[in-house]
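Naming: A, B, ... by sequence-line order, numbering from 1 per chain. As the structure is a prediction and not an experimental result, all values here were calculated from the model.
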Amino acid sequence: MEVTKDLIGKFLVHKIDGKILAAEITETEAYAGFEDRASHASRGKTQRNEIMFGLPGFSYVYLIYGMYYCLNIVTEKKDYPAAVLIRGLDYPNADGPGKLCREFKITKEIHNGLDLIGNILWVEDRGIKREIIALKRVGVDYAGSSKDWLWRFKRKDH
DNA sequence: CAAATGATAGGC
DNA sequence: CCTATCATTTGT
């Protein structure tokens, strides 16, 4: 869960069509383990979420509500399902999981299962320190006991 | 507040 | 195979 907080203030960098898109991450949310009913992986490995069971440092992109993509970064070790959803960037029209994927042209066809080693998509530490606040997660009321976990983090002034 | 919109998972 | 559901956004 430390990783979730650490991502705030770091930069998401995406290389596409010879151009570089980069923006500071302002909001993240964690999904992990089998107890977390809000996580795609809580009911076991499936074709869609198998990346969450793989090695950390990979991207997990999926289509939600038939119209928007969401970008996640896999954390924890192999065979333990965990990922951090990038919920917001400091970039025009990128203040939401679906919106930032639209702005950064992230699609599941291209970006699902990428190794974040710096080729196409990666996270960069530019040494920015931010004051971070913890919040309840959103859109997960169906998740039962895990719905009130403070697994959402964001930059204080946003 | 409700619609848009399609992949997915779980049930049959 | 069938269908309820969904880690959202946008417009009324």
Side-chain angles (χ1 to χ4, degrees), chain A residues 1-14 16 21 23-116 121-123 130 132-156 158:
Chain A
M1 219 43 53
E2 282 304 304
V3 188
T4 314
K5 273 186 289 191
D6 286 349
L7 281 175
I8 305 286
K10 292 212 169 33
F11 277 72
L12 179 72
V13 189
H14 181 203
I16 185 165
L21 291 168
E24 185 187 336
I25 298 168
T26 59
E27 188 173 353
T28 60
E29 191 166 310
Y31 292 88
F34 301 95
E35 298 297 309
D36 182 7
R37 300 273 310 285
S39 168
H40 287 166
S42 64
R43 292 177 189 200
K45 192 195 283 192
T46 67
Q47 199 168 29
R48 175 173 63 160
N49 65 30
E50 63 180 354
I51 293 168
M52 289 177 74
F53 289 79
L55 295 168
F58 279 74
S59 58
Y60 168 43
V61 181
Y62 66 95
L63 184 66
I64 190 65
Y65 300 124
M67 28 176 66
Y68 295 102
Y69 290 107
C70 289
L71 170 65
N72 300 246
I73 295 174
V74 178
T75 60
E76 299 291 343
K77 53 184 180 291
K78 190 173 184 302
D79 294 327
Y80 182 82
V84 177
L85 169 68
I86 309 298
R87 292 193 60 88
L89 298 176
D90 193 0
Y91 194 83
N93 301 314
D95 56 338
K99 294 165 84 174
L100 72 88
C101 284
R102 195 177 54 189
E103 285 302 313
F104 269 51
K105 301 186 170 37
I106 291 168
T107 66
K108 93 175 206 285
E109 287 76 19
I110 304 176
H111 304 93
N112 194 28
L114 279 185
D115 193 353
L116 307 181
L121 188 67
W122 68 96
V123 172
R130 296 295 187 184
I132 296 163
I133 53 176
L135 300 163
K136 287 182 186 180
R137 295 186 291 179
V138 294
V140 292
D141 285 348
Y142 65 92
S145 58
S146 49
K147 77 182 171 68
D148 289 331
W149 296 353
L150 295 174
W151 276 13
R152 178 172 157 231
F153 300 94
K154 69 185 297 190
R155 216 172 84 184
K156 195 178 178 184
H158 252 249

**Q** Rounding to an integer number of Å, can you tell me how far A/Y62 OH sits from B/dA7 C1'?
**A** 12 Å

**Q** Is it the case that the side chain of A/N112 and the backbone of A/V61 share a donor-acceptor pair, with hydrogens and angles ignored and the cut-off at 3.5 Å?
**A**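 Checking the backbone N and O of A/V61 against the side chain of A/N112, a donor-acceptor pair under 3.5 Å is found.
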
**Q** Kindly point out which of C/dT8, B/dA9, C/dT10 is positioned nearest to the side chain of A/P97?
**A**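 For A/P97, the side-chain atoms sit closest to C/dT8.
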
**Q** Measure CD1/A/I64 against P/C/dA4 and give the value in whole Å, please.
**A**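 From A/I64 CD1 to C/dA4 P: 17 Å.
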
**Q** Starting from C1' on C/dT8, measure out to CD1 on A/I106 and report it in whole angstrom.
**A**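 These atoms are roughly 15 Å apart.
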
**Q** Can you tell me if A/N49 uses its side chain to pair, donor with acceptor, with the backbone of A/T46 under 3.5 Å?
**A**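 Looks like yes, one N/O pair under 3.5 Å.
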
**Q** Within this structure, what is the CG-to-P distance between A/L85 and C/dC6, rounded to whole angstrom?
**A** 16 Å

**Q** According to a strict under-4.0 Å criterion, is A/R43 in side-chain N/O contact with OP1 or OP2 of B/dG11?
**A** no

**Q** C/dA4 and B/dA3: how far apart are their P atoms, nearest whole angstrom?
**A** 16 Å

**Q** For the side chain of A/N72 and the backbone of A/Y60, is there at least one donor-acceptor N/O pair under 3.5 Å apart?
**A**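 Yes, A/N72 side chain to A/Y60 backbone: donor-acceptor pair under 3.5 Å.
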
**Q** Counting just side-chain N and O atoms, does A/R87 come under 4.0 Å of either OP1 or OP2 of C/dT8?
**A**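 Result: yes.
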
**Q** When we call it a touch if two heavy atoms are under 4.0 Å apart, what does A/R152 touch: a base, just sugar-phosphate, or nothing?
**A**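 Touches nothing.
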
**Q** Which class fits the ring pair A/F34 and A/F53: parallel under 30°, tilted 30 to 60°, perpendicular over 60°?
**A**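 Tilted.
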
**Q** To the nearest Å, give me how far apart CZ (A/R137) and P (C/dT8) are.
**A** 11 Å

**Q** Identify which nucleotide among B/dT8, C/dT9, B/dG6 has an atom closest to any side-chain atom of A/L63, counting heavy atoms from C-beta outward.
**A** B/dG6

**Q** Which base, if any, makes a Watson-Crick or G-U wobble pair with C/dT9, both distances under 3.5 Å?
**A** B/dA3

**Q** If you assign each of A/Y68 and A/K108 to its closest nucleotide in DNA chain B, which residue comes earlier from the 5' end?
**A**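 Upstream on the strand: A/Y68.
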
**Q** What integer distance in Å separates A/R48:CZ from B/dG6:P?
**A** 16 Å

**Q** Could you tell me the separation between the OH atom of A/Y69 and the C1' atom of B/dT8, rounded to a whole number of Å?
**A** 14 Å

**Q** If I take atom CE in residue A/M67 and atom P in nucleotide C/dT5, what distance separates them, rounded to the nearest angstrom?
**A**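 Nearest whole value for this atom pair: 19 Å.
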
**Q** Looking at A/Y31, does the NZ or CZ of A/R137 lie under 6.0 angstrom from its six-membered ring centre and within 45 degrees of the ring axis?
**A** yes

**Q** In terms of side-chain heavy atoms of A/Y65, which of B/dA9, B/dT5, B/dG10 is nearest?
**A**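 So the side chain of A/Y65 is nearest to B/dT5.
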
